[in-house]
Amino acid sequence: MENTLQKKSKLADFSPIDFKEELNEEQYAAVTAEPGPALVLAGAGSGKTRTLTYRVAWLISQGVSPGEILLLTFTNKASKEMLKRVEDLTGIETRFFWGGTFHHIGQKTIRFHGESIGLQKNYVIHDQGDSEALLSDVVKSINSKFFKDKANPKARLIHEIISYARNTRQTIRDVINIRYYWLDNLKEDITQFAKSYQEEKLKRQVTDYDDLLHHWLEILKTNSEVATYYQNRFKHILVDEYQDTNKIQSDIIDFLGINNQVMAVGDDAQCIYTWRGASFENIMTFSDRHPKTVMHKIETNYRSTPEILQFANRVLATQPIGTGFNKELKSIRPSGSLPYVVPVMDGRKQAEFVIKRVEGLINEGYRMSDIAILYRAHYHALDMQVELSRLSIPFVITSGVKFFEQAHVRDLVAHLRFAANIKDITVFKRLVCLLPKIGDVTAGRLYSLAEKFGDKNNKTIIQSLSNESVVAKVPAEAKEDWIDLSYTLQDLELAINGPSKPKKELSLFDDDTAEEKVTKIHTPDEVVKIAIDGWYGDYMRNVYVNWESRRDDLDSIVGFASGFEDMNELLAQLILLNSESSDRGANQNADAIRMTTIHQAKGLEYPIVFIIGMAEGLFPLKRSIDNDDVEEERRLFYVAVTRAKDELYICYPMINTQNGPSIRMGPSQFLEILPDDSYEILNVRQTTNW
């Protein structure tokens, strides 16, 4: 097989490549490097993909067989793009290369050699839902009452804990100590669940996503014949985005690359995913694990103006000594304007400035799709999305759904809507179907029971939800949650309507002059706070691994609600915004402003970039400051800055109104530490001519 492929590489119908002509000096040095361990530090916008694909083409031109090259990437999109470019360069079909994501190559290896660890060739890969369902069954088989205790995490969160532990190669106990401290009393239980879950998967001949890496490494470590075969077969191992590798991925690469044939390509300054398991140490200690590593720096940037790159370089220069590799991006583009730092009064004024400047940019000839608004967290963009929607300015959320379309935001709004209008069975079903064993039919039946009890006993439906006769019909697994949810809804009903009179059905939408109108005793922001602090707050913590960021989103609605005088106005606006955001209008290819979190913007570029919410406590996040994660936040800022090609605007609100009472804020420490000549301060009062 190897000889056939070698012939193909020599006979392929493609023109010889002039590598010196096609590449700059830095790229050429990396592409034509002698065999041996290499670390290629490819800065933002420096042509990393080009370097990798030309490296493969160079190896082929030197007589290396496609089957002797292993190309590892992180996404299917990157894999397909890279292999397609290689095919275009070499004329060799992609099927002859061993290339793809870590998980793709892992499952391929397991298909061939899984029997050595007890897996047949016809094993099945479970998706996320199937994996969580199986884990849930395992937990119940060990402790049938575990999920009935509201204080215990759901299967989704347990699965996430197990997954993080496996990918970082830590114990369950250590992961809980560091990341899930509130589950300290469950360390031994979850450790047992993980062990039994693994045994059950093997028994059923199934794997989950993490197994594709776990079993791959297990085969290499326990089957010396297989390990030796692949270590000798792959004469060259190329790894893309090396800074994003986690511990198990790094261990696989180190094991396969025992003959010092690994070329790792990445950028330590763009390591921004340690929160999901990536290890910053992998790239920083690569040369320690691969003796005689040759380092190549690719610092020529084709994307940004010199002024933007000077700003970016200075951001990196503020890192503590020894935190990262020294490098300095150099631009080939003509000079442009300095980045602008824009202090604004609050989130609403920030939105007004951005929109005003966007209008000016459009008049200058830019398209909407040339403009990106980047933010550290979803809730930072709340005012921005509201204002864009109000003015019917097209925008696309490229990092997922729009703010009011997020599941946890819609859940919170459902609390408010049902407490205000007990006839809205649709939102009632949305809420109670979050509880275990309750589906649409059961929810409808329980609603009818509560309605009948209320009619008979002069109570509202919400007051009736916690009655024993209704609770008796709730599935056992959901009873505790049901009662807590009922109490939260009762608190909301009281806060919105005040004490209700027997048999008097009062509507939130009654005329304010009605004789029997009930005095509202809580402001809209207070009502929202009650909803957040009730049952749903505990629910999120036990279901979502990122519950803290979701809680931040919900807390921002408290500030949003403070702008309304009564619940009528707030609910009407929330429903309108939800409806508008659900109608995407512009698709991902449309001429619309791009809005995205910085994490999701990595790898992308835009002529014009606005970074919003650049205030201390917002970026870096207060939580990151408290947890001493500031350096990753700094790298995230660097990633945001280097997305900009022509112009960069960095806005920060001086007052935060999102979490209730107004709080004064200063600029981010990442701005404060930079030399004054790195940017130009832009007073928003000067923007009236734009």
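Because the structure is a prediction, the values reported are computed rather than measured.
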Are side-chain N/O atoms of [X] and [Y] paired as donor and acceptor at under 3.5 Å?
| X | Y | result |
| --- | --- | --- |
| Arg634 | Thr318 | yes |
| Tyr54 | Glu22 | yes |
| Ser335 | Glu307 | yes |
| Glu25 | Gln27 | no |
| Arg289 | Thr285 | yes |
| Asp254 | His290 | yes |
| Tyr164 | Asn246 | no |
| Gln170 | Thr168 | yes |
| Arg550 | Asn546 | yes |
| Arg357 | Tyr649 | yes |
| Ser163 | Asp210 | yes |
| Thr323 | Glu631 | no |
| Tyr366 | Asp646 | yes |

Atom of [X], atom of [Y] and distance for their closest heavy-atom approach:
| X | Y | value |
| --- | --- | --- |
| Phe97 | Thr90 | CZ-OG1, 4.4 Å |
| Thr305 | Ser331 | C-OG, 3.8 Å |
| Gln261 | Gln231 | NE2-O, 3.1 Å |
| Val239 | Thr245 | CG1-CG2, 4.5 Å |

Side chain to side chain contact (heavy atoms under 4.5 Å, CB included), that's the test. Do Tyr180 and Glu160 meet it? Break it down for me.
CA-CA 11 Å; Tyr180 305 95; Glu160 178 62 32; 3.7 Å; yes

Under the 3.5 angstrom rule, does the side chain of [X] hit a backbone N or O of [Y] as a donor-acceptor pair?
| X | Y | result |
| --- | --- | --- |
| Glu616 | Gln669 | yes |
| Glu68 | Ser65 | yes |
| Gln270 | Gln243 | no |
| Ser304 | Ala644 | yes |
| Lys235 | Asn232 | yes |
| Arg594 | Ala372 | no |
| Glu680 | Val341 | no |
| Glu26 | Glu299 | yes |
| Asp370 | Arg367 | yes |
| Glu647 | Pro339 | no |

For Asp626, give me all partners under salt bridge (charged side-chain N to carboxylate O under 4.0 Å, His left out), at least two apart in sequence or on another chain.
Lys622

Identify whether NZ of Lys or CZ of Arg in Arg635 sits under 6.0 Å from the centre of the six-membered ring of Phe280 and within 45° of that ring's axis.
yes

I would like to know whether Glu81 and Arg85 meet salt bridge (Lys or Arg N to Asp or Glu O under 4.0 Å); could you show each step before the answer?
CA-CA 6 Å; Glu81 178 186 346; Arg85 289 197 193 184; 2.8 Å; yes

Taking it one step at a time, do Leu217 and Arg169 satisfy side chain to side chain contact (heavy atoms under 4.5 Å, CB included)?
CA-CA 12 Å; Leu217 183 59; Arg169 307 204 76 192; 3.5 Å; yes

Report the C-alpha separation of Lys645 and Glu605 in whole Å, then their side-chain angles, then the decisive distance to 0.1 Å, and conclude whether the side chain to side chain contact (heavy atoms under 4.5 Å, CB included) test is met.
CA-CA 7 Å; Lys645 298 168 69 174; Glu605 58 183 41; 3.7 Å; yes

Other residues, nucleotides, ligands: >12 heavy atoms within 6.0 Å of Met345 CE:
no

Around atom NZ of Lys20, are there more than 12 heavy atoms of other residues, nucleotides or ligands at under 6.0 Å?
no

Criterion side chain to side chain contact (heavy atoms under 4.5 Å, CB included) on Leu41 and His296, from CA distance to verdict
CA-CA 6 Å; Leu41 296 176; His296 300 272; over 6 Å; no

Show your reasoning for whether salt bridge (Lys or Arg N to Asp or Glu O under 4.0 Å) applies to Lys602 and Asp244.
CA-CA 12 Å; Lys602 182 173 174 287; Asp244 292 335; 3.4 Å; yes

Is the distance between the ring centroids of Phe102 and Phe74 under 6.0 Å?
yes

Using the ring centroid of each side chain, check whether Phe286 and Tyr242 are separated by less than 6.0 Å.
yes

Straight-line distance of Gln406 CD to Asp553 CG, nearest 0.5 Å:
5.0 Å

Please verify the inter-ring angle class for Phe637 with Phe619; under 30° counts as parallel, over 60° as perpendicular, anything in between as tilted.
perpendicular

Measure the acute angle between the ring planes of Tyr230 and Phe234, then classify it against the limits of 30° and 60° as parallel, tilted or perpendicular.
parallel

Which is it for His599 and Trp275 under the ring-ring contact (aromatic ring centres under 6.0 Å, His included) test, yes or no, and what are the steps along the way?
CA-CA 11 Å; His599 281 101; Trp275 51 275; 5.3 Å; yes

Sub-4.5 Å side-chain heavy-atom contact between [X] and [Y]:
| X | Y | result |
| --- | --- | --- |
| Arg233 | Leu70 | no |
| Ile69 | Ile60 | yes |
| Pro653 | Leu618 | yes |

Yes or no on ring-ring contact (aromatic ring centres under 6.0 Å, His included) for Tyr379 and Phe403, after CA distance, side-chain angles and deciding distance?
CA-CA 7 Å; Tyr379 70 93; Phe403 184 85; 8.1 Å; no

